[in-house]
Protein chains: 2
Amino acid sequence: MADEIGFEQTTPSKLAQRFGVRTASLYSHVKNAHDLKTKIALLSLEELADRVSAAVAGRAGKDALIAFADAYRDYALEHPGRFTATQFRLSPEAAVASAGVRHAQMARAMLRQYDLTEPHQTHAVRLLGSVFSGFVGLETAGGFSHSAPDAQETWTEILNALDSLLRTWPATS
Amino acid sequence: MADEIGFEQTTPSKLAQRFGVRTASLYSHVKNAHDLKTKIALLSLEELADRVSAAVAGRAGKDALIAFADAYRDYALEHPGRFTATQFRLSPEAAVASAGVRHAQMARAMLRQYDLTEPHQTHAVRLLGSVFSGFVGLETAGGFSHSAPDAQETWTEILNALDSLLRTWPATS
DNA sequence: GTAAGTTGCCTAATATAATTAGGTAACTCT
DNA sequence: AGAGTTACCTAATTATATTAGGCAACTTAC
């Protein structure tokens with residue numbers, strides 16, 4: 001439903017309408033409207049982590065980087081509402097219990113081939129997270145739709161650039 | 001008000017309360033709740049563009065890159081609600097009339113020293129946009145707050161890396 | 001300096017949403 | 001068969017968004 005009408009529009013009353021039940025009945029299942037959004041966010045984070053995990057399995061180096069990045073972007077393009085949900089600001093308690101932790105671990109695992117030592121590895125994880133979420137956020141917001149070249153081309157270029165950057169990261173400091 | 005209570009919480013009724021007027025009175029000034037958010041977004045985009053423009057003036061190359069990036073990040077950290085507003089999804093008509101256009105022009109101007117030809121320049125503009133908005137989005141969402149090193153250190157590292165990347169961009173394709 | 005228009009607010013009314021409280025029928029488990 | 005649980009219900013309250021129509025103060029033109 002979030003993918004169809006948008007994450008922000010996914011409210012208790014709309015959800016109840018879709019289920020064919022009274023709105024009040026939902027309150028046995030979720031605490032309130034905010035809790036509903038939190039649950040969608042947690043679900044989406046797990047789902048995305050599963051996708052990324054499957055995509056990266058058995059790959060290494062640049063192959064793994066591309067698989068990771070594409071899994072992330074494809075999820076966002078296929079499930080815009082759920083992707084928006086993954087950016088929902090969770091409470092600190094919800095955040096630590098979320099699959100956000102898995103995402104960070106997967107990013108670290110993927111970087112293994114690049115032989116980065118701390119603190120470079122942490123910087124690299126943060127850079128990748130920034131680029132992926134930033135690019136996909138701008139793309140789904142329509143930021144690249146009114147100009148050539150198309151988004152896919154830039155995406156490929158960026159992944160090439162990130163790969164070559166990661167190979168030489170410590171040297172750039 | 002958006003900075004204090006959050007952009008999403010900035011509604012006609014809350015705004016009317018703060019002004020000490022009836023909610024209905026606001027409807028002489030904004031068309032509806034969505035229009036209010038659009039106006040905040042447009043205002044914030046202008047303000048951010050002014051800041052970036054002032055920061056970049058008289059600088060070139062890496063100096064300009066850092067000034068641009070810091071202006072962007074500082075605005076977000078100082079005005080979280082307004083920064084969130086700059087990410088509000090505008091209608092296509094509002095988008096083309098917004099300062100979003102100025103942002104793209106400033107990015108291109110800043111890249112002048114890096115001697116990028118098309119389509120590399122467009123790719124570079126998009127990469128910078130992705131990194132800046134992605135990093136600041138994650139930072140303000142608390143994504144970096146529970147681990148060392150601190151966000152500032154990663155930010156500096158990322159800007160160094162971007163500078164060296166831009167110098168050699170066409171070669172990485 | 002007054003008349004006409006404009007501005008910025010008001011009250012009143014309606015529709016939609018979120019939320020709480022308390023109840024009931026069906027299902028599950030002993 | 002009875003106790004507990006589940007998943008819904010109705011009813012009521014509150015908050016919010018929105019529209020319509022009115023009024024008083026201010027501005028501007030003659």
Side-chain angles (χ1 to χ4, degrees), chain A residues 1-47 79-95 97-98 100 140-142, chain B residues 1-47 79-95 97-98 100 140-142:
Chain A
M1 179 167 155
D3 293 332
E4 288 172 29
I5 67 173
F7 178 63
E8 289 306 327
Q9 317 305 317
T10 303
T11 58
S13 73
K14 299 262 184 61
L15 185 58
Q17 276 175 32
R18 165 164 306 215
F19 279 145
V21 300
R22 297 309 188 120
T23 306
S25 305
L26 289 190
Y27 285 76
S28 310
H29 305 278
V30 298
K31 208 160 81 248
N32 51 39
H34 187 269
D35 181 47
L36 171 62
K37 289 197 176 153
T38 296
K39 283 180 159 63
I40 298 172
L42 293 175
L43 177 75
S44 304
L45 283 168
E46 291 284 354
E47 199 172 30
H79 307 296
R82 273 174 270 185
F83 173 70
T84 302
T86 66
Q87 303 183 320
F88 184 65
R89 194 156 181 160
L90 296 171
S91 70
E93 313 86 64
S98 78
T140 57
Chain B
M1 179 167 157
D3 293 332
E4 288 172 30
I5 68 173
F7 177 63
E8 289 306 327
Q9 317 305 318
T10 303
T11 58
S13 73
K14 298 263 183 61
L15 185 58
Q17 276 176 33
R18 166 166 306 217
F19 279 143
V21 301
R22 298 308 187 124
T23 305
S25 306
L26 289 190
Y27 284 77
S28 310
H29 306 278
V30 298
K31 210 161 80 249
N32 51 39
H34 186 269
D35 181 47
L36 171 62
K37 289 197 176 154
T38 296
K39 283 180 158 62
I40 298 171
L42 293 175
L43 176 76
S44 304
L45 282 168
E46 290 286 354
E47 198 172 31
H79 308 296
R82 274 174 269 186
F83 173 69
T84 302
T86 65
Q87 302 183 322
F88 184 65
R89 193 161 182 156
L90 295 172
S91 70
E93 314 85 66
S98 78
T140 56

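A, B, ... follow the sequence lines: proteins, then strands. Residue 1 opens every chain.
- Closest of all the heavy-atom pairs between Tyr27(A) and Asn32(A) is CE2-CA, 3.9 Å.
- In this structure, the side chains of Arg82(A) and Asp3(A) come closer than 4.5 Å at one or more pairs of heavy atoms.
- Between the P atom of dT16(D) and the NZ atom of Lys14(B) lies a distance of 6 Å, rounded to the nearest Å.
- Residue Ala24(A) has its side chain nearest to dT20(C) when only dT18(D), dA17(D), dT20(C) are considered.
- The shortest distance between side-chain heavy atoms of Leu26(A) and Phe19(A) falls below 4.5 Å.
- For Arg22(A), a side-chain nitrogen or oxygen approaches OP1 or OP2 of dT10(D) to under 4.0 Å.
- A heavy atom lying under 4.0 Å from DNA chain C marks the following residues of residues 27-35 of chain B, by number: Ser28(B), His29(B).
- Comparing dC8(D), dA17(C), dT18(D) against the side chain of Val21(A) picks out dC8(D) as the nearest.
- Looking at heavy atoms from C-beta onward, Ile5(B) lies in side-chain contact with Thr10(B) at the 4.5 angstrom threshold.
- Contact check, Thr23(A) against dA17(C): no side-chain N or O comes under 4.0 Å of OP1 or OP2.
- Between Phe88(A) and His34(A), the two ring planes are tilted [angle within 30° to 60°].
- The CG-C1' distance, from Leu26(B) to dT19(D), rounds to 14 Å in whole Å.
- Note on Ser13(B): only backbone sugar-phosphate atoms sit closer than 4.0 angstrom, heavy atoms only; bases stay farther off.
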